[in-house]
Amino acid sequence: MTTPLKVAVIGAGIVGTSTALWLKRDGHDVTVFDRVEPGDPNQTSYGNAGLLARSSVIPVPTPGLVKAVPKMLFGADGPLFMKWRYLPKLLPWLVPFLRGANEADVRRTASALSEILGDAVDQHAAIAQGTDAARYITKGSYTFLYKDRAYFEKEALSFSIRAEHGFTWDEMDRDALLEVDPNLGPSYTFGAAVHDHGWITNPGAYTAALFDAYRALGGAFEKTEVDDIGGGEGSTRVTAGGQTHSFDRLVLASGAWSRKLAERLGHRVALETERGYHIMLRNPSVRPPCPYMIGDAKFGLTPMAEGVRAAGLVEFGGLTAAASTKPLDLFRRTLRRVYPGIEWEGEDTWMGHRPSTTDSLPLIGESTRAKGIFFAFGAQHIGLTSGPKTGRLVADMIGGRRPNIDLAPFATDRFDRLSDA
Ligand SMILES: Cc1cc2nc3c(=O)[nH]c(=O)nc-3n(C[C@H](O)[C@H](O)[C@H](O)COP(=O)(O)OP(=O)(O)OC[C@H]3O[C@@H](n4cnc5c(N)ncnc54)[C@H](O)[C@@H]3O)c2cc1C
(Lines give C-alpha, C1' and ligand atoms only; values in the text may rest on other atoms or scores of the structure.)
Protein backbone atom coordinates (compact mmCIF):
# COMPACT_ATOMS: atom_id res chain seq x y z
CA MET A 1 0.00 0.00 0.00
CA THR A 2 1.45 3.38 -1.09
CA THR A 3 1.51 6.22 1.45
CA PRO A 4 -0.83 8.89 0.05
CA LEU A 5 1.04 12.05 -0.96
CA LYS A 6 0.01 15.46 -2.21
CA VAL A 7 1.27 15.59 -5.80
CA ALA A 8 1.23 18.30 -8.48
CA VAL A 9 1.44 17.43 -12.19
CA ILE A 10 2.24 20.25 -14.60
CA GLY A 11 0.85 19.48 -18.04
CA ALA A 12 -2.28 17.59 -19.06
CA GLY A 13 -1.12 16.15 -22.38
CA ILE A 14 -0.92 12.37 -22.75
CA VAL A 15 2.14 12.21 -20.47
CA GLY A 16 0.77 14.37 -17.65
CA THR A 17 -2.70 12.84 -17.89
CA SER A 18 -1.32 9.29 -17.78
CA THR A 19 0.88 10.17 -14.81
CA ALA A 20 -2.02 11.81 -12.96
CA LEU A 21 -4.33 8.84 -13.60
CA TRP A 22 -1.82 6.25 -12.37
CA LEU A 23 -1.06 8.41 -9.32
CA LYS A 24 -4.76 8.73 -8.58
CA ARG A 25 -5.24 4.97 -8.93
CA ASP A 26 -2.49 4.66 -6.32
CA GLY A 27 -4.57 6.78 -3.95
CA HIS A 28 -2.59 10.03 -3.99
CA ASP A 29 -4.07 13.51 -3.66
CA VAL A 30 -3.31 14.89 -7.13
CA THR A 31 -3.69 18.33 -8.73
CA VAL A 32 -2.99 18.84 -12.45
CA PHE A 33 -2.06 22.31 -13.69
CA ASP A 34 -2.46 23.26 -17.36
CA ARG A 35 -3.26 26.48 -19.18
CA VAL A 36 -5.57 24.58 -21.55
CA GLU A 37 -8.14 21.81 -21.16
CA PRO A 38 -6.98 18.23 -21.77
CA GLY A 39 -7.69 17.38 -25.43
CA ASP A 40 -7.19 21.00 -26.56
CA PRO A 41 -5.63 21.57 -30.03
CA ASN A 42 -2.76 23.48 -28.37
CA GLN A 43 -1.51 20.19 -26.98
CA THR A 44 0.84 18.10 -29.09
CA SER A 45 -1.15 15.14 -27.84
CA TYR A 46 -4.16 16.41 -29.81
CA GLY A 47 -2.81 16.43 -33.34
CA ASN A 48 -0.37 13.56 -33.68
CA ALA A 49 -0.70 10.68 -36.13
CA GLY A 50 -2.25 8.48 -33.44
CA LEU A 51 0.24 5.66 -33.95
CA LEU A 52 1.07 3.34 -31.09
CA ALA A 53 4.39 3.01 -32.82
CA ARG A 54 6.05 0.43 -30.60
CA SER A 55 8.63 -0.37 -33.29
CA SER A 56 9.67 3.30 -33.64
CA VAL A 57 12.82 2.67 -31.62
CA ILE A 58 14.92 4.24 -34.39
CA PRO A 59 15.69 7.92 -33.80
CA VAL A 60 15.48 10.53 -36.58
CA PRO A 61 19.29 10.89 -36.87
CA THR A 62 20.57 7.78 -38.63
CA PRO A 63 23.77 7.29 -40.68
CA GLY A 64 23.54 9.31 -43.90
CA LEU A 65 21.19 11.96 -42.49
CA VAL A 66 23.69 14.82 -42.63
CA LYS A 67 24.36 14.20 -46.34
CA ALA A 68 20.61 13.96 -47.01
CA VAL A 69 19.66 17.23 -45.27
CA PRO A 70 20.08 19.57 -48.31
CA LYS A 71 17.73 17.41 -50.41
CA MET A 72 15.29 17.07 -47.52
CA LEU A 73 15.23 20.86 -47.15
CA PHE A 74 15.45 22.06 -50.75
CA GLY A 75 14.24 19.09 -52.84
CA ALA A 76 10.83 19.46 -54.53
CA ASP A 77 9.10 17.12 -52.06
CA GLY A 78 11.53 17.43 -49.14
CA PRO A 79 9.95 16.59 -45.76
CA LEU A 80 12.09 19.06 -43.75
CA PHE A 81 11.26 22.76 -43.28
CA MET A 82 13.09 25.62 -41.60
CA LYS A 83 12.21 29.10 -40.38
CA TRP A 84 15.64 30.49 -41.24
CA ARG A 85 15.54 33.33 -38.74
CA TYR A 86 15.46 30.70 -36.00
CA LEU A 87 18.67 28.97 -37.15
CA PRO A 88 21.10 30.81 -34.81
CA LYS A 89 18.97 29.79 -31.80
CA LEU A 90 18.67 26.24 -33.10
CA LEU A 91 22.38 25.58 -33.75
CA PRO A 92 23.45 24.66 -30.17
CA TRP A 93 20.77 21.94 -30.25
CA LEU A 94 21.12 20.97 -33.92
CA VAL A 95 24.86 20.21 -33.85
CA PRO A 96 24.74 17.51 -31.12
CA PHE A 97 21.45 16.21 -32.57
CA LEU A 98 23.10 15.60 -35.95
CA ARG A 99 26.21 14.18 -34.28
CA GLY A 100 23.97 11.29 -33.17
CA ALA A 101 23.59 10.16 -36.79
CA ASN A 102 25.93 7.18 -36.42
CA GLU A 103 25.31 3.48 -35.96
CA ALA A 104 26.58 3.21 -32.38
CA ASP A 105 24.31 6.02 -31.15
CA VAL A 106 21.33 4.66 -33.10
CA ARG A 107 21.81 1.26 -31.46
CA ARG A 108 22.15 2.79 -28.01
CA THR A 109 19.03 4.90 -28.48
CA ALA A 110 17.04 1.98 -29.88
CA SER A 111 17.91 -0.18 -26.85
CA ALA A 112 16.73 2.52 -24.46
CA LEU A 113 13.57 3.32 -26.43
CA SER A 114 12.61 -0.33 -26.73
CA GLU A 115 12.28 -0.39 -22.91
CA ILE A 116 9.54 2.25 -22.97
CA LEU A 117 7.94 1.34 -26.31
CA GLY A 118 8.02 -2.45 -26.54
CA ASP A 119 4.83 -3.11 -24.55
CA ALA A 120 3.11 0.16 -25.47
CA VAL A 121 -0.08 -1.35 -26.87
CA ASP A 122 -0.59 -3.30 -23.62
CA GLN A 123 0.23 -0.18 -21.60
CA HIS A 124 -2.48 1.76 -23.45
CA ALA A 125 -4.96 -1.06 -22.94
CA ALA A 126 -4.12 -1.10 -19.22
CA ILE A 127 -4.50 2.62 -18.63
CA ALA A 128 -7.72 2.82 -20.66
CA GLN A 129 -9.30 -0.28 -19.13
CA GLY A 130 -12.68 0.51 -17.61
CA THR A 131 -12.70 4.05 -19.04
CA ASP A 132 -14.34 5.61 -22.08
CA ALA A 133 -10.84 6.01 -23.59
CA ALA A 134 -10.73 2.27 -24.40
CA ARG A 135 -13.02 2.74 -27.41
CA TYR A 136 -10.38 4.85 -29.20
CA ILE A 137 -7.76 2.05 -29.26
CA THR A 138 -7.56 -0.12 -32.39
CA LYS A 139 -5.05 -2.94 -32.81
CA GLY A 140 -3.41 -3.89 -36.12
CA SER A 141 -0.34 -3.69 -38.33
CA TYR A 142 1.65 -0.56 -39.12
CA THR A 143 2.70 -0.56 -42.77
CA PHE A 144 5.72 1.27 -44.17
CA LEU A 145 4.95 2.07 -47.83
CA TYR A 146 7.78 2.43 -50.33
CA LYS A 147 8.04 3.21 -54.02
CA ASP A 148 10.00 -0.02 -54.45
CA ARG A 149 12.09 -2.59 -52.61
CA ALA A 150 15.26 -0.52 -53.14
CA TYR A 151 13.75 2.28 -50.99
CA PHE A 152 13.04 -0.26 -48.24
CA GLU A 153 16.58 -1.62 -48.48
CA LYS A 154 17.99 1.85 -47.87
CA GLU A 155 16.49 1.45 -44.39
CA ALA A 156 18.08 -1.97 -43.87
CA LEU A 157 19.95 -0.89 -40.73
CA SER A 158 16.75 0.40 -39.08
CA PHE A 159 14.85 -2.78 -39.88
CA SER A 160 17.69 -5.03 -38.74
CA ILE A 161 17.79 -3.19 -35.39
CA ARG A 162 14.00 -3.59 -35.14
CA ALA A 163 14.43 -7.32 -35.74
CA GLU A 164 17.09 -7.50 -33.00
CA HIS A 165 14.51 -6.00 -30.63
CA GLY A 166 11.97 -8.68 -31.53
CA PHE A 167 9.80 -6.85 -34.07
CA THR A 168 8.52 -8.86 -37.03
CA TRP A 169 6.92 -7.86 -40.30
CA ASP A 170 5.54 -9.12 -43.61
CA GLU A 171 7.17 -7.89 -46.78
CA MET A 172 4.49 -7.08 -49.33
CA ASP A 173 4.86 -6.74 -53.10
CA ARG A 174 2.41 -4.67 -55.14
CA ASP A 175 -0.07 -7.53 -55.52
CA ALA A 176 -0.10 -8.14 -51.77
CA LEU A 177 -0.57 -4.42 -51.11
CA LEU A 178 -3.46 -4.22 -53.59
CA GLU A 179 -5.17 -7.18 -51.98
CA VAL A 180 -5.70 -5.17 -48.79
CA ASP A 181 -5.86 -1.71 -50.39
CA PRO A 182 -7.11 -1.80 -54.02
CA ASN A 183 -7.07 2.02 -54.26
CA LEU A 184 -3.32 2.36 -53.73
CA GLY A 185 -1.62 4.40 -56.47
CA PRO A 186 0.96 2.84 -58.85
CA SER A 187 3.83 4.78 -57.25
CA TYR A 188 3.91 2.38 -54.29
CA THR A 189 5.04 -1.15 -55.09
CA PHE A 190 6.53 -2.39 -51.80
CA GLY A 191 5.49 -2.45 -48.18
CA ALA A 192 6.61 -3.74 -44.78
CA ALA A 193 3.64 -4.46 -42.49
CA VAL A 194 5.04 -4.50 -38.95
CA HIS A 195 2.95 -6.74 -36.70
CA ASP A 196 1.19 -6.11 -33.39
CA HIS A 197 0.80 -2.35 -33.40
CA GLY A 198 -2.17 -0.16 -32.67
CA TRP A 199 -3.54 3.31 -33.19
CA ILE A 200 -5.74 5.86 -31.50
CA THR A 201 -8.71 6.90 -33.58
CA ASN A 202 -9.05 10.34 -31.95
CA PRO A 203 -5.95 11.35 -29.95
CA GLY A 204 -7.44 14.54 -28.47
CA ALA A 205 -10.63 12.81 -27.32
CA TYR A 206 -8.52 9.92 -25.98
CA THR A 207 -6.47 12.22 -23.72
CA ALA A 208 -9.66 13.99 -22.62
CA ALA A 209 -11.34 10.64 -21.81
CA LEU A 210 -8.36 9.51 -19.73
CA PHE A 211 -8.50 12.85 -17.95
CA ASP A 212 -12.23 12.36 -17.28
CA ALA A 213 -11.32 9.03 -15.63
CA TYR A 214 -8.79 10.89 -13.46
CA ARG A 215 -11.43 13.48 -12.50
CA ALA A 216 -13.94 10.72 -11.71
CA LEU A 217 -11.48 9.41 -9.10
CA GLY A 218 -11.44 12.84 -7.46
CA GLY A 219 -8.40 14.33 -9.25
CA ALA A 220 -8.21 18.14 -9.17
CA PHE A 221 -7.53 20.48 -12.11
CA GLU A 222 -6.24 24.07 -12.09
CA LYS A 223 -6.58 25.73 -15.48
CA THR A 224 -3.72 28.21 -15.27
CA GLU A 225 -0.24 29.00 -16.56
CA VAL A 226 2.50 27.82 -14.21
CA ASP A 227 5.16 30.52 -13.81
CA ASP A 228 7.62 28.85 -11.51
CA ILE A 229 8.41 25.65 -9.66
CA GLY A 230 10.92 24.86 -6.95
CA GLY A 231 11.75 23.36 -3.63
CA GLY A 232 13.02 20.04 -2.44
CA GLU A 233 11.61 16.89 -0.85
CA GLY A 234 8.53 17.52 1.24
CA SER A 235 8.26 21.14 0.16
CA THR A 236 7.93 21.35 -3.61
CA ARG A 237 6.04 24.36 -4.84
CA VAL A 238 4.13 25.60 -7.86
CA THR A 239 3.64 29.30 -8.54
CA ALA A 240 0.71 30.14 -10.78
CA GLY A 241 -1.46 33.25 -11.12
CA GLY A 242 0.45 35.01 -8.34
CA GLN A 243 -0.21 32.19 -5.84
CA THR A 244 2.18 29.59 -4.51
CA HIS A 245 0.95 26.07 -3.71
CA SER A 246 2.91 23.44 -1.72
CA PHE A 247 3.08 19.73 -2.53
CA ASP A 248 4.98 16.66 -1.34
CA ARG A 249 5.96 15.75 -4.91
CA LEU A 250 5.81 17.48 -8.28
CA VAL A 251 5.88 16.10 -11.83
CA LEU A 252 7.00 18.27 -14.72
CA ALA A 253 5.17 16.95 -17.82
CA SER A 254 4.90 20.12 -19.87
CA GLY A 255 6.01 18.71 -23.22
CA ALA A 256 7.99 21.04 -25.48
CA TRP A 257 7.55 23.88 -22.97
CA SER A 258 9.36 22.09 -20.13
CA ARG A 259 12.84 23.56 -20.57
CA LYS A 260 12.21 26.91 -18.92
CA LEU A 261 10.74 25.35 -15.77
CA ALA A 262 13.47 22.67 -15.60
CA GLU A 263 16.11 25.37 -15.89
CA ARG A 264 14.59 27.16 -12.88
CA LEU A 265 15.85 24.17 -10.87
CA GLY A 266 19.38 24.64 -12.20
CA HIS A 267 19.23 21.89 -14.83
CA ARG A 268 20.43 22.27 -18.37
CA VAL A 269 18.01 20.59 -20.79
CA ALA A 270 18.80 20.17 -24.49
CA LEU A 271 15.14 20.38 -25.57
CA GLU A 272 13.78 21.86 -28.81
CA THR A 273 10.49 21.78 -30.62
CA GLU A 274 10.39 19.67 -33.77
CA ARG A 275 7.29 21.26 -35.19
CA GLY A 276 4.98 18.88 -37.05
CA TYR A 277 1.76 19.22 -39.03
CA HIS A 278 -1.43 17.44 -39.80
CA ILE A 279 -4.23 17.66 -42.28
CA MET A 280 -7.44 15.89 -41.39
CA LEU A 281 -9.55 14.88 -44.38
CA ARG A 282 -13.24 14.94 -43.65
CA ASN A 283 -15.34 12.31 -45.43
CA PRO A 284 -12.56 11.10 -47.74
CA SER A 285 -13.59 8.83 -50.60
CA VAL A 286 -10.81 6.37 -49.63
CA ARG A 287 -9.41 5.15 -46.29
CA PRO A 288 -6.22 3.17 -45.67
CA PRO A 289 -6.92 -0.25 -44.10
CA CYS A 290 -4.34 0.39 -41.34
CA PRO A 291 -1.90 3.23 -40.57
CA TYR A 292 0.77 3.81 -43.22
CA MET A 293 4.14 5.47 -42.95
CA ILE A 294 4.70 7.05 -46.37
CA GLY A 295 8.38 6.22 -46.81
CA ASP A 296 9.37 8.93 -49.30
CA ALA A 297 7.42 11.80 -47.69
CA LYS A 298 7.97 10.81 -44.04
CA PHE A 299 4.50 11.17 -42.67
CA GLY A 300 1.84 8.90 -41.26
CA LEU A 301 -1.58 8.30 -42.80
CA THR A 302 -4.05 7.03 -40.23
CA PRO A 303 -7.70 6.00 -40.48
CA MET A 304 -9.44 7.88 -37.66
CA ALA A 305 -12.95 8.30 -36.28
CA GLU A 306 -13.42 11.75 -37.83
CA GLY A 307 -11.75 10.99 -41.18
CA VAL A 308 -8.24 10.25 -42.40
CA ARG A 309 -5.28 12.09 -40.90
CA ALA A 310 -1.96 12.76 -42.64
CA ALA A 311 0.47 13.79 -39.89
CA GLY A 312 4.20 14.23 -39.52
CA LEU A 313 7.00 16.20 -41.27
CA VAL A 314 9.51 18.29 -39.38
CA GLU A 315 9.94 22.06 -39.25
CA PHE A 316 12.42 23.93 -37.08
CA GLY A 317 11.25 27.38 -36.02
CA GLY A 318 10.75 27.52 -32.26
CA LEU A 319 7.67 27.64 -30.08
CA THR A 320 6.15 30.94 -31.11
CA ALA A 321 6.42 31.37 -34.92
CA ALA A 322 3.22 31.06 -36.96
CA ALA A 323 2.42 27.85 -38.85
CA SER A 324 3.61 27.49 -42.46
CA THR A 325 1.59 26.46 -45.48
CA LYS A 326 4.24 24.53 -47.46
CA PRO A 327 4.04 21.36 -45.31
CA LEU A 328 0.30 21.24 -45.96
CA ASP A 329 0.88 21.49 -49.72
CA LEU A 330 3.29 18.55 -49.45
CA PHE A 331 0.59 16.49 -47.70
CA ARG A 332 -1.93 17.28 -50.42
CA ARG A 333 0.48 16.46 -53.28
CA THR A 334 1.58 13.20 -51.68
CA LEU A 335 -1.99 12.12 -50.85
CA ARG A 336 -2.83 12.28 -54.55
CA ARG A 337 0.13 10.02 -55.24
CA VAL A 338 -0.92 7.51 -52.58
CA TYR A 339 -4.57 7.57 -53.70
CA PRO A 340 -4.80 9.12 -57.21
CA GLY A 341 -8.61 9.31 -57.17
CA ILE A 342 -9.05 10.56 -53.61
CA GLU A 343 -11.59 13.29 -52.86
CA TRP A 344 -12.60 14.78 -49.54
CA GLU A 345 -15.30 17.16 -48.37
CA GLY A 346 -13.28 19.43 -46.11
CA GLU A 347 -10.12 19.53 -44.07
CA ASP A 348 -8.75 20.74 -40.74
CA THR A 349 -5.11 21.67 -40.46
CA TRP A 350 -2.87 21.78 -37.40
CA MET A 351 0.69 22.44 -36.25
CA GLY A 352 2.16 21.15 -32.99
CA HIS A 353 5.37 20.86 -31.02
CA ARG A 354 7.25 17.60 -30.50
CA PRO A 355 9.41 17.82 -27.37
CA SER A 356 12.77 16.65 -28.72
CA THR A 357 16.13 16.19 -27.04
CA THR A 358 19.52 16.03 -28.75
CA ASP A 359 19.88 12.32 -27.90
CA SER A 360 16.26 11.48 -28.88
CA LEU A 361 15.46 10.17 -25.40
CA PRO A 362 12.98 11.62 -22.91
CA LEU A 363 13.88 12.70 -19.38
CA ILE A 364 12.17 10.38 -16.91
CA GLY A 365 13.01 10.34 -13.22
CA GLU A 366 13.72 12.41 -10.17
CA SER A 367 15.61 15.68 -10.49
CA THR A 368 19.11 15.45 -9.05
CA ARG A 369 18.91 19.13 -8.11
CA ALA A 370 15.47 19.29 -6.49
CA LYS A 371 14.46 16.14 -4.61
CA GLY A 372 10.79 15.33 -4.90
CA ILE A 373 10.50 16.86 -8.40
CA PHE A 374 10.16 14.34 -11.22
CA PHE A 375 10.66 14.91 -14.96
CA ALA A 376 8.44 13.28 -17.59
CA PHE A 377 9.01 15.04 -20.91
CA GLY A 378 11.00 14.95 -24.14
CA ALA A 379 9.52 11.94 -25.95
CA GLN A 380 9.93 13.54 -29.39
CA HIS A 381 8.09 11.56 -32.13
CA ILE A 382 6.87 8.78 -29.84
CA GLY A 383 5.30 10.55 -26.85
CA LEU A 384 1.78 9.28 -27.48
CA THR A 385 3.07 5.71 -27.66
CA SER A 386 5.23 5.98 -24.53
CA GLY A 387 2.93 8.27 -22.49
CA PRO A 388 1.05 5.67 -20.38
CA LYS A 389 4.22 3.71 -19.58
CA THR A 390 6.05 6.92 -18.65
CA GLY A 391 3.17 7.83 -16.34
CA ARG A 392 3.28 4.42 -14.72
CA LEU A 393 7.07 4.58 -14.20
CA VAL A 394 6.79 7.98 -12.53
CA ALA A 395 3.89 6.82 -10.35
CA ASP A 396 6.00 3.79 -9.36
CA MET A 397 8.92 6.01 -8.38
CA ILE A 398 6.69 8.35 -6.38
CA GLY A 399 5.07 5.35 -4.70
CA GLY A 400 8.49 4.00 -3.69
CA ARG A 401 8.31 1.05 -6.10
CA ARG A 402 11.51 0.44 -8.02
CA PRO A 403 10.85 0.28 -11.80
CA ASN A 404 12.20 -2.92 -13.36
CA ILE A 405 13.89 -1.17 -16.29
CA ASP A 406 17.23 0.63 -16.50
CA LEU A 407 16.36 4.33 -16.28
CA ALA A 408 19.97 5.57 -16.62
CA PRO A 409 19.55 6.55 -20.32
CA PHE A 410 16.66 8.85 -19.28
CA ALA A 411 18.57 10.55 -16.41
CA THR A 412 17.42 14.08 -15.61
CA ASP A 413 20.97 15.41 -15.22
CA ARG A 414 22.60 13.97 -18.34
CA PHE A 415 22.73 17.33 -20.14
CA ASP A 416 24.11 19.05 -17.00
CA ARG A 417 26.94 16.54 -17.03
CA LEU A 418 27.71 17.42 -20.68
CA SER A 419 27.87 21.14 -19.97
CA ASP A 420 29.98 20.59 -16.83
CA ALA A 421 32.51 18.55 -18.83
C1 LIG B 1 2.71 15.89 -36.40
C2 LIG B 1 3.01 15.00 -35.21
C3 LIG B 1 2.75 13.64 -35.31
C4 LIG B 1 3.02 12.80 -34.23
N5 LIG B 1 2.68 11.49 -34.33
C6 LIG B 1 2.90 10.67 -33.25
C7 LIG B 1 2.47 9.32 -33.31
O8 LIG B 1 1.85 8.87 -34.27
N9 LIG B 1 2.74 8.52 -32.24
C10 LIG B 1 3.40 8.99 -31.14
O11 LIG B 1 3.66 8.21 -30.22
N12 LIG B 1 3.77 10.29 -31.05
C13 LIG B 1 3.52 11.14 -32.07
N14 LIG B 1 3.88 12.45 -32.00
C15 LIG B 1 4.54 12.93 -30.78
C16 LIG B 1 3.56 13.09 -29.63
O17 LIG B 1 2.39 13.75 -30.07
C18 LIG B 1 4.21 13.90 -28.49
O19 LIG B 1 5.47 13.34 -28.16
C20 LIG B 1 3.31 13.87 -27.25
O21 LIG B 1 2.01 14.31 -27.58
C22 LIG B 1 3.88 14.75 -26.16
O23 LIG B 1 2.97 14.71 -25.09
P24 LIG B 1 3.17 15.62 -23.82
O25 LIG B 1 2.12 15.29 -22.86
O26 LIG B 1 4.60 15.53 -23.39
O27 LIG B 1 3.02 17.11 -24.40
P28 LIG B 1 1.71 17.96 -24.78
O29 LIG B 1 0.64 17.11 -25.32
O30 LIG B 1 2.19 19.08 -25.65
O31 LIG B 1 1.23 18.52 -23.39
C32 LIG B 1 1.99 19.44 -22.66
C33 LIG B 1 1.02 20.27 -21.86
O34 LIG B 1 1.75 21.11 -20.95
C35 LIG B 1 1.05 22.34 -20.86
N36 LIG B 1 1.99 23.35 -20.38
C37 LIG B 1 3.24 23.58 -20.83
N38 LIG B 1 3.81 24.56 -20.11
C39 LIG B 1 2.90 24.96 -19.19
C40 LIG B 1 2.90 25.95 -18.16
N41 LIG B 1 3.99 26.70 -17.94
N42 LIG B 1 1.79 26.08 -17.43
C43 LIG B 1 0.67 25.32 -17.64
N44 LIG B 1 0.64 24.38 -18.60
C45 LIG B 1 1.74 24.19 -19.36
C46 LIG B 1 0.59 22.60 -22.27
O47 LIG B 1 -0.51 23.52 -22.28
C48 LIG B 1 0.18 21.20 -22.72
O49 LIG B 1 -1.18 20.96 -22.45
C50 LIG B 1 3.61 13.33 -33.05
C51 LIG B 1 3.84 14.69 -32.95
C52 LIG B 1 3.54 15.53 -34.02
C53 LIG B 1 3.79 17.00 -33.89
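Order of appearance sets the numbers: ligands from 1, and atoms from 1 within every ligand. All residue numbers refer to positions in the sequence shown, counting from 1.
In terms of protein heavy-atom proximity, atom 4 (C) of ligand 1 is nearest to Asn48 CB, 3.1 Å. Taking atom 44 (N) of ligand 1 as the reference point, the nearest protein heavy-atom neighbour is Arg35 N, 3.4 Å. From the protein, the heavy atom lying nearest to atom 8 (O) of ligand 1 is Leu51 N, 2.9 Å. Nearest to atom 2 (C) of ligand 1 among the protein's heavy atoms is Arg354 NH2, 3.7 Å.
Ring pair Phe74/Trp84 is parallel by interplanar angle, where below 30° counts as parallel and above 60° as perpendicular. Between Phe144 and Tyr146, the ring-plane angle classifies as parallel under the 30° and 60° cut-offs. The aromatic rings of Trp93 and Phe97 sit parallel, their planes meeting at an angle under 30°, below the 60° perpendicular limit.
Remark: ligand 1 and Ala49 share an N or O pair separated by less than 3.5 Å (distance only, no angle test). Note: no N/O pair closer than 3.5 Å links Leu261 and ligand 1 by distance alone. For a threshold of 3.5 Å applied to N or O pairs, the pair formed by Trp257 and ligand 1 contains no separation below that value. By the 3.5 Å distance cut-off applied to N or O atoms, Gly276 is not counted among the residues near ligand 1. In terms of polar-atom proximity, Gly16 is not counted as a contact of ligand 1, lacking any N or O under 3.5 Å from an N or O of the ligand. Considering backbone and side-chain atoms alike, Ser45 places an N or O below 3.5 Å from some N or O of ligand 1. Checking only distances, His353 never comes within under 3.5 Å of ligand 1, N or O to N or O. Residue Thr385 has at least one nitrogen or oxygen atom sitting less than 3.5 Å from a nitrogen or oxygen atom of ligand 1, judged on distance alone. For ligand 1, none of its N or O atoms has an N or O atom of Ala12 under 3.5 Å away. In terms of N/O distances under 3.5 Å, ligand 1 is approached by Gln380.
Ligand 1 has no atom lying under 4.0 Å from any heavy atom of Ala53.
Between Lys389 and Glu115 no salt bridge is recorded (no basic side-chain N to carboxylate O distance below 4.0 Å). Checked for salt-bridge contact, Asp29 and Lys24 miss the test: no charged N lies under 4.0 Å from a carboxylate O.
Scored by the salt bridge (Lys or Arg N to Asp or Glu O under 4.0 Å) test, Arg275 finds Glu315 as partners (sequence neighbours excluded).
Rounded to the nearest 0.5 Å, atoms OG1 (Thr390) and CZ (Phe410) are 8.0 Å apart. To the nearest 0.5 Å, atom CD of residue Glu155 and atom CD1 of residue Ile161 are 12.0 Å apart.
Within the 4.0 Å heavy-atom criterion, the part of Thr224 lying near ligand 1 is the backbone and not the side chain. Heavy atoms of Phe377 found under 4.0 angstrom from ligand 1: none, in either backbone or side chain. Of all the heavy atoms of Ser258, none lies under 4.0 Å from any atom of ligand 1, so neither backbone nor side chain is involved. Under 4.0 Å from ligand 1, the heavy atoms of His381 that appear belong solely to its backbone.
Close approach of ligand 1 to Ile382 is summarised as follows: ligand atoms under 4.0 Å from at least one heavy atom of the residue are 10 (C), 11 (O), 12 (N). Heavy-atom contacts of Ala379 reach the following atoms of ligand 1: 19 (O) (cutoff under 4.0 Å). Of all the atoms in ligand 1, the ones that sit under 4.0 Å from a non-hydrogen atom of Gly255 are 26 (O), 27 (O), 32 (C). For ligand 1 and Val36, the ligand atoms under 4.0 Å from any heavy atom of the residue are 47 (O), 49 (O). Listed by number with element, the atoms of ligand 1 under 4.0 angstrom from any heavy atom of Ile14 are 23 (O), 25 (O). Every atom of ligand 1 is numbered from 1 in the order shown, and the set under 4.0 Å from a heavy atom of Pro355 is 19 (O).
With Val15, Leu384, Asp34, Asp40 as candidates, the residue nearest to atom 33 (C) of ligand 1 on a non-hydrogen basis is Asp34. Nearest to atom 41 (N) of ligand 1 by heavy-atom distance, out of Leu117, Thr44, Ile10, Val226, is Val226. Compare Gly39, Gly11, Gly352, Gly13 by their heavy atoms: the one nearest to atom 31 (O) of ligand 1 is in Gly13.
A cation-pi geometry, defined here as NZ or CZ lying under 6.0 Å from the six-membered ring centre and within 45° of its normal, does not hold between Arg309 and Trp199. Seen from the ring of Tyr86, Lys89 does not count as a face-on cation partner, given the 6.0 Å and 45° thresholds.
Counted by atom type alone, His197 and Ser55 present one or more donor-acceptor pairs between their side chains at under 3.5 Å. Side chain to side chain, Thr239 and Thr244 meet the donor-acceptor criterion of an N or O pair below 3.5 Å. Side chains of Ser324 and Lys83: a donor-acceptor N/O pair is present below 3.5 angstrom, by distance only.
Screening Lys147, Arg333, Arg336 against Asp77 for a salt bridge (charged side-chain N to carboxylate O under 4.0 Å, His left out) leaves a single residue, Arg333.
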Pair Tyr277-Phe331, ring-ring contact (aromatic ring centres under 6.0 Å, His included): steps then yes or no
CA-CA 9 Å; Tyr277 287 80; Phe331 283 138; 7.3 Å; no
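Put simply, the side chain of His278 does not reach to within 4.5 Å of the side chain of Thr349, judged on heavy atoms.
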